[in-house]
Amino acid sequence: MKMNWKRTLTVVPLSAALLLPTATAFADDHGDHGGDGNSMENAPTVSSPAADLRATLDQYLSEHAYLAVFTMQKGIDGSEDFDQIAGALQQNTEDLTAAIESVYGEEAGSMFQEMWENHIGFFVDYVTATAEGDEAGREEALTQLDGYRADFSEFLEGATDERLEAGALAEGLQMHVDQLVWAFDQYNEGDFDSAYDNIRESIHHMYGVSKGLSTAIVDQFDEDFEGSMADTPAADLRSDLNYLFSEHAGLAVTTMQKGIDGAEDFEAAAGALNDNTEGLTEAISGVYGEEAGDAFNEQWSEHIDFFVDYVTATAEEDEAGQQEALDNLAGYRDTFSQFLSDATENRLEAGALADGLQMHVDQLVAAFDSYEAGDYETTYENVREAYGHMFGVGEMMSGAIVDQFPENFESGMPSEMPRTGLGGTSEAAGQTPWYLYSIAVILLASAVVFMTRRPKVQQ
Amino acid sequence: MKRWLWAVMILFLGACAAETNNETQVENTAEVDESAPEEETLSTGSEDQSAETSFSLPRPSELAGASSESDIMSYERTGIEPHRIEIPAIGVDAEIEDVGLLPGGQMDEPSTMDGVAWYEGGYQPGEQGSSVMAGHIDSRTGPAVFFDLEDLEEGDEIIVTDESGEARVFVVQTSEAYDREDAPLQKIFGYSYRSQLNLITCTGEFNSEAGTHDQRLVVYTVLKEDLPS
């Protein structure tokens, strides 16, 4: 097997790889119109060094979960493209390592890589043991994963100078392990709906890890992040949209592959894709209202149908049908770009959007065509491109929304600590010490009691 | 060099797995083939899956609304709307009010001497992130609710409940005093992987010119479940 380890994908910085002219334009455009109240803050923005770090970790950590899940499925199925998807997982590891290395240096980078590759190896062991019906082997793999979890948590605790505490991290990592194992077992047992629910959860889970890790790194090396923070409401929105858009791309790839394979879990995969659409719709409704959300949902669902039409036409060797599906996708591209352009009041320019959407369509079609043709190297190159592309879409979309409704994304960070004392017990206040007041109060009170009692005594 | 080795090893592992799977796969498919028709008739009567001669996939939008009841495993730390705070170690049992920011961006103060203020612009107690509550150390005339906050020690518990009585228990880790204008706000108010609750009161000398104490005491506490058992 030959792998192209020097793929350029790994070196292209996230933002440069994508369709971002407009997004970066308005990201830099903030200056002086944010000066109300919170004097420390400029207008909220999704594009800051800290938010970028978080997005990078979002991408590689969630892609890891996505690729790991399907590597395990391909493994147990003995699929022809196992080597290539495992190769894509390895490339993801190298990208993740590069990110860690850029923060913590080469030595930490290699330590990270070694542990990370080991844990992938243990998952593969688990799949192999399952395929062989080797219960002891499965147990052994889980024990190994346990050890990894402890070591890796210690590693991150040390690296972040205890900003990430090993105990809580280990629990989070255990969840990752359990989710992957569970989703795999359910897949293997034919409980596809549960499998895909847990697959979605396992992908989403990584965004929590990413948020924790990025805030720890930003706190640790604050001078490198120009005072920007990874946990602002704007960065949260960007991350939420990163999740929904990239999961869409990932599940679309999967659904198309399952479709052409006539796989039993096609409907479960398509169902997961629908659930993702619901999540996106909720996000859009939350910003632009229910009507816009419904309009979004309709167009978005339709474009997914067109992809599946393309799969069906391909299976039936119906070239006219394929072309019709592509034409429909082109039509969707134009109306949907216009929809987003209108919704964002032209913050997103329809032409640039259409180009970006076309890229999304091209990547998915290329990934699918090459899969159908058995050229799996090309497949997974395009899968990774398609997945990564969505992080640019997430930045662009969240950037437009935050620019449009800045008041909804004010940082909740106070500029000052609260006033929590009036000095009544402070000796240095140059006032009468509080206990003298107390004594006075007691004296007064007893005087009152005394006075009110007196009449009684007289009676 | 080392990385190459690992890469090769991983791929080798992968290749092994693929090969072994190819062998066992044959058995698997055989089994599935036998049982598949039965399962299909059992599980669904829809025409979608029947086609062997002509290829037909349901369009995903046709599947919309199909709900499944699966158990989902998720790492979730849900917060509560705080209503009451109890700190047995220093005899505190107080109501909680929600506060926001003052026009200048400063966290607002508690409106009473007996009550505790939760910063509602931040995190809820129990969810991932640092929830913040503040209480006065004193009034003009005597001690207030957090007068003894400085006496808290590692391991002391803090119980926060919502209106229905649902509780989150936090455990004191450490406390630190900061100059009031130089406190690490991000650390105190920002996101944290663990669910934290940070308690604030005044400490140090009262600066009558500024009308406030010169320092703030922060007691850092962590959700009990997030601590190693």
Side-chain angles (χ1 to χ4, degrees), chain A residues 37-38 75-76 78 82-83 86 90 110 117 121 124 127-128 131-132 164-165 167-168 172 175 178-179 182 193-194 197-198 201 205 211-212 215 231 259 267 270-271 273-274 301 304-305 308 312 315-316 412-426 428-430 434 437-438, chain B residues 2-3 6-7 10-11 13-15 17-18 20-22 24-25 55 57 59-61 63-64 66 68 70 72-75 101 103 105-109 121-122 134-143 180 183 185-186 189-191 193-194 200-202 205-206 208 212-213 216 226-228:
Chain A
N38 220 336
I76 194 74
F82 174 83
D83 287 353
Q90 174 61 24
S110 357
E117 286 174 352
V124 173
V127 174
T128 308
E132 291 169 345
L164 286 176
E165 195 276 328
M175 191 59 64
D178 291 347
Q179 283 166 337
W182 216 21
D193 286 338
S194 297
D197 284 344
N198 279 294
E201 195 58 41
H205 176 71
K211 186 176 185 181
T215 40
D231 59 347
E267 290 199 12
L273 192 51
N274 282 337
S301 303
I304 294 174
D305 284 350
V308 173
T312 306
E316 291 172 340
M413 190 62 55
S415 61
E416 216 181 311
M417 296 288 269
R419 284 157 53 109
T420 41
L422 297 174
T425 62
S426 179
W434 67 272
Y437 276 109
S438 302
Chain B
K2 219 176 174 187
R3 245 189 287 159
W6 276 109
I10 282 292
L11 289 168
L13 262 176
T20 32
N21 291 341
N22 278 335
T24 44
Q25 175 55 21
F55 188 92
L57 291 173
R59 297 177 103 202
S61 62
L63 302 167
S68 60
S70 45
I72 299 179
M73 188 185 293
S74 58
Y75 181 84
L101 296 180
Q106 182 180 29
M107 178 182 160
D108 201 356
E109 62 195 86
H136 286 291
I137 186 169
D138 57 14
S139 65
R140 280 202 179 76
T141 54
R180 75 184 157 87
L185 296 166
Q186 175 68 25
F189 289 89
Y191 182 78
Y193 190 79
R194 295 192 292 184
I200 300 176
T201 194
C202 282
E205 298 191 345
F206 189 80
S208 40
T212 187
H213 291 72
R216 295 293 177 272
D226 277 352
L227 294 168

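All values derive from a computational prediction rather than experimental measurement. Values reported hereafter were calculated over all heavy atoms of this structure, with side chains retained and with hydrogens, waters and symmetry mates removed.
You'll find the side chain of A:R419 reaches within 4.5 Å of the side chain of B:R216, heavy atoms only. Within the 4.5 Å cutoff, no side-chain heavy atoms of B:D226 are placed close to those of A:E165. The shortest side-chain heavy-atom distance between B:L185 and A:M417 falls under the 4.5 Å cut-off.
Closest heavy-atom contact between A:T425 and B:P143: CG2-N, 3.5 Å. A pairwise comparison of heavy atoms in B:R194 and A:A168 identifies CG-CB, 3.4 Å as the closest pair. When every heavy atom of B:P60 is checked against every heavy atom of A:N274, the shortest pair comes out as O-ND2, 2.7 Å. Closest heavy-atom contact between A:S301 and B:S61: CB-CB, 4.4 Å.
Contacts of A:Q179 with chain B are made by both backbone and side-chain atoms, with heavy-atom separations under 4.5 Å. Heavy-atom distances place both the backbone and the side chain of B:R180 under 4.5 Å from chain A. Proximity to chain B involves both the backbone and the side chain of A:T312, based on heavy atoms less than 4.5 angstrom apart.
With hydrogens and angles ignored, the 3.5 Å screen pairs a side-chain donor or acceptor of B:D138 with a backbone N or O of A:G424. Of the possible polar contacts, none joining the B:R59 side chain to the A:V308 backbone as a donor-acceptor pair under 3.5 Å is found.
Once rounded to the nearest 0.5 Å, the distance linking NE2 of B:H213 with CG of A:L422 reads 8.5 Å.
With chain B as partner, the option from A:D305, A:L164, A:I304 having the largest number of non-hydrogen pairs under 4.5 angstrom is A:D305.
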